[in-house]
Each structure stands twice: as structure tokens, then as C-alpha cells.
Amino acid sequence: MLDIKYIREHKEEVKKNCENRLSSANVDELLKLDEQRRKIIGEIDSLRTERNQGSKGKPSPEEIEAMKQKRVRIGEMEAELAKIEEKYNEELFKVPNLTHPDVKASKNEDDNPVLEIFKEPAKFDFEPKDHVQLSEALDLIDFNRAAEVSGAKFYYLKNELALLEFALIQYALEILYQKGFTPITTPDLAKQEVLKAMGFNPRGESTQIYNIENSDLSLIGTAEITMGGYHRGEVLSEAELPKKYAAVSHCFRTEAGSYSKFSKGIFRVHQFTKIEMFQYVRPETSEAAHRELLEIEKEIFKGLDIPFRVVDHCTADLGAPSTRTFDLEAWMPGKPNKEGKMGDWGEITSTSNCTDYQARALNIKYKKADGDKEYVHMLNGTAIAVTRAIIAILENYQQADGSIKIPEVLVKYMPGRITSIKK
RNA sequence: GGAGAGGUGGCUGAGUGGCUGAAAGCAGCACACUGCUAAUGUGUUAACCCAGCAAUGGGUUCAUGGGUUCGAAUCCCAUCCUCUCCGCCA
């Protein structure tokens, strides 16, 4: 969340930002609630002062009678305050993070500038297949039985593809370990209060989150949630920053209403494995840390030798907690583009600088050398989202004979080629 | 899942209705002193909210949420977590 003091003092700037980001936040309403809230807090505090004074020593029976009235009055006002604060918090959490000045202001979600392209997509001298056709021919994914057992948009990865999942995990973890990231596996479920503080709304309309019945737990949509919650309520020392984690988890998304030919196969699924990079840093270094995360993502996919481009989210496409977001989009020869032709870019990673937006809600600070405390900045970035990486590999590495080569860097973990002959 | 014990400041730990935002110790900080590198003495050190330019004043916080009371760390209820034992299990 944003600092309410900042919102009070920069009302117009915040309103403009909400507008650019197509946010439903109502800043005027929020500030009205803020005013009501402060007024009633003042009233409650002075009533309490009277009560506290009155009940010092041994009060007389008359005084006790008077104090009784005060208690009732305080109770009433507290109930009113609670009502106001509920609405206030609801509004406050709707206000998105401030936006990095270099981000393109646009109200069109498809208006993301392309920053660079790595490797031009290869031309095939045969008709390339999409990953669904490829995996069918080679018995790599079982959609039908997954539908039987779990429903649509679930899948079984089979044979070499099951190996490929772990090869990708191992590959990415090794790179990150070398770079000083702490490898960590996280819970796949988290409390709703943590989701909320991280800027995900588990109970909102159009939520992407699965909730567990009869509990306050949700299935996480990303390890960003469990890694942001990891240091909740802590004061970190300046010396231990930056903290860098390479978190492995499953991710669960309801993907409500996203059925289309653009999300066929395993492009958009209810569950997948992901390695997420997560950093806690000093505010003045967060922009450099964000660049570092982007560079690592590029290094990982350059290593896999997959064509990709880097896009910079425009304001309309920015998630609420983020001040700036870069995506890597891989070339997917089997993905239909808007004109219905084969071949398009598909998102494979995403890295966001959430500055102190999440840290404020989670109360994560660090202690500076001079003793002052300040909120940390928190950043996240995808190292490998397994299903998306698999699509990119299958479709880019398919061969004329129907087999699939495996990227050089993964061959130490699994066979170097997937063919139709199974044992 | 069953039985029991417990959750207090940066840490250890005392406190069973007002004198307790909280003893004592440790750690930290400041000053003093010592000529030998660490000890001694004195003082000081929680967070958050509201008002204020500030000094400051007020409020809240002893796992969390409710309740009793003029007044709760202290009494009652619920929940969560930790430890021990039993059961179960990967």
C-alpha cells in the first residue's frame, strides 16, 4: 500500500496515476474516510484520557458511575471507527503503487514498448507444429486423463517432459546459486492476510486465486507471496541486504474466463512449477536490482538459446504493487497471433520493482547505520516458469523428422533428443 | 488427532486486578575514570497512532481476537503458535 501521508500531500499526482493505471481506486473517497478516521481517533483519545485520569487511585461510587458512561461511549465510538477503518483500508489497498517516470503512460494494455530482441526467430524448412501437436505425437503430455482427474487446463507431463521440468529447475537453480541467491522451496499455500498485503486480492471479483474452504488459506499464484511474507514484521540489518532468494514453488491460478485459442495447451494452466527470484534491498539500490533481475532472466534464456524480446509494461498493464515491470516474451512458432497466423511472442518471465509498496503493508524495514529504520524495497522476477519454458523449447527446437532437440545446457540432466521411440 | 506446559521489551527473565510500558540481568549507546585494550562507575535505550514547525502532549500495544471491570500483562472465552508425551504418517 501507499503511505497515506503521501497521498494526502500529493493528491493530484496520485489521482492522475490511478487514472493512467486504469485503477478503480477512489482517492477523494479515501481522503474523506481518512479525515473521518482521524477525527474520531482524536475524540476517542480524549475520552480515554478522561477515563484514565478518572480511574487513577480509588474512585468514589459517583465517579465510578460516571466512568461507566464513558466506557459505553468509548465502545460505541470504537465500533464506529472500526466501520470507517474497514472502508478506509479497502480504499487504501486499491490505490496502486507510484509509477516509474520512464514507464510509458498509456491506457491501452497492448501498448508495451519493446526494448530489445535477442535472436531472430528461426525459419523452418518444414511446417512447424505447435506444442500440443508435438507432445501428442511424442506422448509427452496427457491432457485427456488430466481432464478426467482434475478438469480442464490441467496436464500430466510424461516421459522426457517430466525430466525436462526438473532439468529446467536444476539449470536455473544452479545459475542463481552461483550468483549468491539462496535456494529455497516454499509452502504452496499462504494466509489470505499475506496475499492481501502483497497486493493480491483473494476474495475480489475476477480473482485469480483459489481459496481453501473452511480456512483462511489460499493456493499461491506465485512464490512472490510466500517470499514476500517470509520476512514479515521483521527489521533487517543493513549489512544483510540485499537478500536474494531463488524460490521454487507450484503456482495455482483459476484463470477464470480466459478460454481461447491463445491459451491452448499448457500456455495457460491452473497449476505449474516456477522458480521465482526475490530480493529485499535498500531503496537506493532497487532500480539496479531490478536491472540485475532482468539481466539474469536474459542470461537464462540466452543459455537456452531461445529467441525472445524484452518489453516494458505501460501504465495500463502494470500490476498494482509494481512501479515498473519488464517481461521476457519468447518466440513461440506454434502460438497463433492476432491475425490468426502461426507464430507469436508469448510471455515467459516478468520482473517487477515493487519498491516499498509491499514492505509497508507487511511492515518490513531495515535498520540503517545511523539507527533510523526505513522500509525495504522488494522485487521479484521469474527465473523459470516451467510450462512456458517448455512451450518455447518444444516449438523452437522441433526438427524436420518430428523429434525435438534439447538445449545444450540441459543435456547434462536428460537425454539430448526426444524421439517417438519409447521403451 | 489426544494429554500436558507455555507465549512478556534486541535477548534472558520477573510480574496473578490500580503504585507496571513493565523488576533484574545481558546486549547497545553516551559520559566519566583507568595506561593497557578490557574492566569499573553513572546515565540512557521499545514500537506504532493522533495533534503540533518544534519542544512536547495524548492514545494504543505484554501471541491474536473478543469479554468482565471505574481500571487488565494479570480474570473469563475463542483462535493461532511453540515445547513435551502418546497416536498417526511421507
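Quick note: numbers below take in every heavy atom, side chains included, and nothing from hydrogens, waters or symmetry partners. Order of the sequence lines fixes the chain letters, A, B, ..., with proteins taken first and strands second; residue numbering starts at 1 for each chain.
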Legend entry - Partners meeting salt bridge (Lys or Arg N to Asp or Glu O under 4.0 Å) with A:K16 (sequence neighbours left out): A:E19

Inset, instruction - Please say whether the positively charged group of A:K365, taken as NZ for Lys or CZ for Arg, lies over the ring of A:Y375, i.e. under 6.0 angstrom from the six-membered ring centre and within 45 degrees of the axis. - result: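 Yes, cation above the ring, under 6.0 Å and within 45°.
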
Inset, instruction - State whether A:Y366 and A:R282 meet the cation-pi test: NZ (Lys) or CZ (Arg) under 6.0 Å from the six-membered ring centroid, and within 45° of the perpendicular axis. - result: no

By nearest atom, which of the nucleotides [options] is closest to the [X] side chain?
X	options	value
A:D45	B:C70, B:G58, B:C48	B:G58
A:I41	B:U69, B:C48, B:C49	B:C49
A:R71	B:C70, B:G59, B:C50	B:C70
A:R48	B:U60, B:C50, B:A47	B:U60
A:R51	B:C70, B:C50, B:C48	B:C70
A:N52	B:U60, B:C70, B:G58	B:U60

Inset, instruction - Using the test ring-ring contact (aromatic ring centres under 6.0 Å, His included), find all partners of A:F308 that sit at least two apart in sequence or belong to another chain. - result: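 With neighbours one apart ignored, the set is A:F118.
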
Legend entry - Pairwise C1' distance for B:G15 and B:A22, with rounding to whole Å: 8 Å

Legend entry - Nearest-nucleotide 5' precedence on RNA chain B, A:K373 against A:I4: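 Mapping each residue to its closest nucleotide by heavy atoms, the 5'-most match is A:K373.
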
Inset, instruction - On RNA chain B, check which nucleotide each of A:I64 and A:I44 is closest to and give me the residue with the more 5' one. - result: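 This one resolves to A:I44.
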
Inset, instruction - State whether A:K367 places a side-chain N or O below 4.0 Å from either non-bridging phosphate oxygen (OP1 or OP2) of B:A47. - result: no

Inset, instruction - For B:C50, take OP1 and OP2 only and decide whether either is under 4.0 Å from a side-chain N or O of A:R37. - result: yes

Legend entry - Aromatic contact, A:F154 with A:Y156 (centres under 6.0 Å):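 So the answer is no for these two rings.
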
Inset, instruction - Give a yes or no on whether the ring-centroid distance for A:Y230 and A:Y245 is below 6.0 angstrom. - result: yes

Inset, instruction - Please determine, by modelled atom types, if A:T419 and A:S403 share a side-chain donor-acceptor pair under 3.5 angstrom. - result: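 Side-chain D/A pair, A:T419 to A:S403: absent.
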
Nucleotide N/O to protein N/O under 3.5 Å, stretch nucleotides 55-57 of chain B:
none

